[in-house]
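A short worksheet on the structure shown next.
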There are 2 protein chains.
Amino acid sequence: MQRPSQINSPGTRKGRPVSRQVLADHVYEELLESLMDGRLEPGATVSIDGTARDLDVSPTPVREALARLEHTGMVRRVALKGYRVAPVFTREDFAELMEARLAIEPVNARLACARLTPERLAQLEQAVTDLKTAPRGPSFAEYRDYLEADERFHRLIAEQTGNQFMVAAYAALGGQVQRFRLFGGVGITDAENAIAEHQAVLDALSTGEPEKAASAMAEHVRKVRGRAIADAPEG
Amino acid sequence: MQRPSQINSPGTRKGRPVSRQVLADHVYEELLESLMDGRLEPGATVSIDGTARDLDVSPTPVREALARLEHTGMVRRVALKGYRVAPVFTREDFAELMEARLAIEPVNARLACARLTPERLAQLEQAVTDLKTAPRGPSFAEYRDYLEADERFHRLIAEQTGNQFMVAAYAALGGQVQRFRLFGGVGITDAENAIAEHQAVLDALSTGEPEKAASAMAEHVRKVRGRAIADAPEG
DNA sequence: CATGTTCAGATCCTATAGGGCTGGCACGAA
DNA sequence: TTCGTGCCAGCCCTATAGGATCTGAACATG
């Protein structure tokens with residue numbers, strides 16, 4: 001084997017990392033990052049052998065990583081032909097996503113309200129703070145942190161429901177990823193408004209008002225949809 | 001290679017099957033069936049090499065199939081330790097599932113109502129018919145068709161929303177599978193009631209009443225929850 | 001008896017080899 | 001010029017080999 005043990009080199013076995021890494025995990029994260037950074041554009045083919053060469057591993061772990069990615073909808077597979085990055089996000093896709101978020105996220109907000117713990121609340125506040133302080137320059141890289149904080153806020157609320165299935169349902173929307181893929185299709189010109197809306201949701205949660213949190217979340221999603229459609233460069 | 005080409009043997013190349021099979025797909029379906037039939041019990045280890053031997057294939061396609069299954073929540077993986085069938089469905093898990101279904105399925109029913117096509121309606125009617133005629137004997141095998149028809153009904157409604165994300169969210173609930181895994185935890189003693197409730201949803205859909213369809217679906221889920229809790233053998 | 005060590009078999013994980021198919025290019029014929 | 005044919009490189013897919021790691025049992029030690 002060419003790469004004996006970058007992971008867990010024999011000399012450093014003290015305490016042992018809680019969750020050891022496997023090459024396929026590394027490949028998975030690498031591919032995910034490429035997808036979110038836009039280095040892999042929608043429609044591009046993702047060659048198994050090619051990716052293996054790029055990352056200097058064998059095709060086996062790449063296959064495993066891609067099999068997992070396929071289930072997220074980020075890449076699509078055609079038997080005996082290989083993987084492709086999922087096609088571009090159309091306006092209709094966006095409308096569908098917002099419709100689905102509108103069905104799920106207000107419920108999450110309501111449920112989260114009941115089971116909110118102080119430390120969880122602190123995490124939410126941190127996310128909103130990060131939203132406010134994140135740079136918002138013109139390039140993609142400068143929006144990365146903003147988008148990450150945005151996604152983190154919504155994901156935290158899903159997790160705070162304490163309901164594994166609501167988390168799974170939220171994750172099925174491509175939470176983390178769709179947000180990134182939207183960039184380019186609809187620019188982010190609504191930061192100030194969006195921050196205020198997040199703050200409103202947070203306030204309702206911290207004061208323990210479930211219905212208010214739900215309606216604030218619903219309003220947020222609706223407004224995001226409205227602004228995005230207004231900003232959409234093509235029709 | 002031991003198994004030269006069961007698939008696409010060179011002699012039979014006429015027209016070519018539209019979607020050729022790959023060994024990993026076959027393994028995936030085989031494992032899924034084992035899981036649903038209960039041959040693989042919750043908590044049991046799923047050995048990669050062992051499965052490969054059983055199915056007479058190499059470990060490579062087995063790894064790929066398991067990587068896909070992991071993302072469905074049916075099996076869990078621990079790095080360097082292997083895969084296990086997901087633990088048993090507890091009462092709390094069940095409560096969470098119902099809570100999530102209550103958030104998602106009525107919305108699906110409402111959306112489906114708007115976009116219902118005649119052929120789609122026919123498929124729904126077929127599902128309800130199958131529910132009525134399926135055998136309901138004492139053993140698991142005799143409930144298979146019933147459970148399948150039940151799941152099909154709900155999945156069809158999700159698909160009829162025309163919203164890919166609602167379909168994904170529904171699928172995230174483990175639609176197909178959780179139902180099967182419940183067996184043993186909560187018996188199916190409510191067939192007659194459940195059929196009537198399905199019929200009510202179907203009626204509302206066929207007469208084009210979105211709100212009525214949504215409320216009928218909500219009532220159905222709530223009643224399923226109620227009956228299951230009443231039937232639960234342990235608590 | 002309790003606890004730590006050693007060892008062997010099973011298992012996971014990765015690399016490599018090779019078969020089969022696909023797509024593109026060159027080359028030649030109409 | 002255009003079309004058809006053959007070749008070749010690249011890719012997907014599966015099998016196999018072997019190193020790394022885990023597990024459980026036998027064994028030794030306090």
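What's counted below: heavy atoms across the whole structure, side chains too, no hydrogens, waters or symmetry copies. Worth saying up front: this structure is predicted, and the values here are computed from it rather than measured. First the proteins, then the strands, lettered A, B, ... as listed; each starts at 1.
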List for me each residue that meets side-chain hydrogen bond (donor to acceptor under 3.5 Å, both in side chains) alongside A:Arg152, sequence neighbours excluded, and say none if there are none. A:Asp130, A:Glu148
B:Asn163: side-chain hydrogen bond (donor to acceptor under 3.5 Å, both in side chains) partners, not counting sequence neighbours: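 Per chain and number, B:Asn163 pairs via side-chain hydrogen bond (donor to acceptor under 3.5 Å, both in side chains) with A:Glu99.
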Would you mind telling me which of [options] lies closest to the side-chain atoms of [X]?
X       : options                : result
B:Leu80 : D:dA15, C:dC12, C:dA15 : C:dC12
B:Ala24 : C:dC13, D:dT14, C:dT16 : D:dT14
B:Val57 : D:dA15, C:dT16, D:dT14 : D:dA15
B:Pro59 : D:dT16, C:dT16, D:dA15 : D:dT16

Which pairs, with at least one residue in residues 29-85 of chain A and sequence neighbours excluded, count as a ring pair (Phe, Tyr, Trp, His ring centres under 6.0 Å)?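 Residue pairs with at least one partner in residues 29-85 of chain A: A:His71-B:His71.
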Within this structure, what is the [atom1]-to-[atom2] distance between [X] and [N], rounded to whole angstrom?
X       : N      : atom1 : atom2 : answer
B:Asp56 : D:dA15 : CG    : C1'   : 11 Å
A:Leu23 : D:dT21 : CG    : P     : 13 Å
B:Glu70 : C:dC12 : CD    : C1'   : 14 Å
A:His26 : C:dA15 : NE2   : C1'   : 17 Å

Report yes if a side-chain nitrogen or oxygen of A:Arg63 is closer than 4.0 Å to either non-bridging phosphate oxygen (OP1 or OP2) of D:dC13; otherwise report no.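 So the side-chain polar atoms of A:Arg63 do come within 4.0 Å of the phosphate oxygens OP1 or OP2 of D:dC13, strictly under.
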Distance check: side-chain N/O of B:Ser58 vs OP1/OP2 of D:dT14, anything under 4.0 Å? no
Close N or O pairs between protein and nucleotides 8-11 of chain C (under 3.5 Å):
residue: C:dT11; atom: OP2; partner: B:Arg53; partner atom: NH2; Å: 3.3

Scan the side chains in residues 27-35 of chain A for donor-acceptor partners under 3.5 Å anywhere in the protein, sequence neighbours excluded, and list what turns up.
residue: A:Ser34; atom: OG; partner: A:Glu30; partner atom: O; Å: 3.2

Set out, in order, the CA-CA distance, both residues' side-chain angles and the distance that settles side-chain hydrogen bond (donor to acceptor under 3.5 Å, both in side chains) for B:His154 and B:Asn108, then state yes or no. CA-CA 9 Å; B:His154 289 273; B:Asn108 282 350; over 6 Å; no
So for the helix from C:dC1-D:dG30 to C:dA30-D:dT1, with five pairs setting each end axis, what is the inter-axis angle to 10°? 10°
Measuring only between side-chain heavy atoms, which start at C-beta, is B:Arg84 closer than 4.5 Å to B:Val46?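 The answer is no, as the side chains (C-beta and beyond) never meet within the 4.5 Å cut-off.
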For side-chain hydrogen bond (donor to acceptor under 3.5 Å, both in side chains), just list the numbers for B:Thr51 and B:Asp54, CA-CA rounded to whole Å, side-chain angles, deciding distance to a tenth of an Å, and then say yes or no. CA-CA 5 Å; B:Thr51 305; B:Asp54 291 346; 5.4 Å; no
Closer than 4.0 angstrom, basic N to acidic O: yes or no for A:Asp25 and B:Arg77? yes
Quick check against the 3.5 Å criterion: does A:Thr45 have a side-chain atom that pairs as donor or acceptor with the backbone of A:Ser47?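 Not a single qualifying donor-acceptor pair exists.
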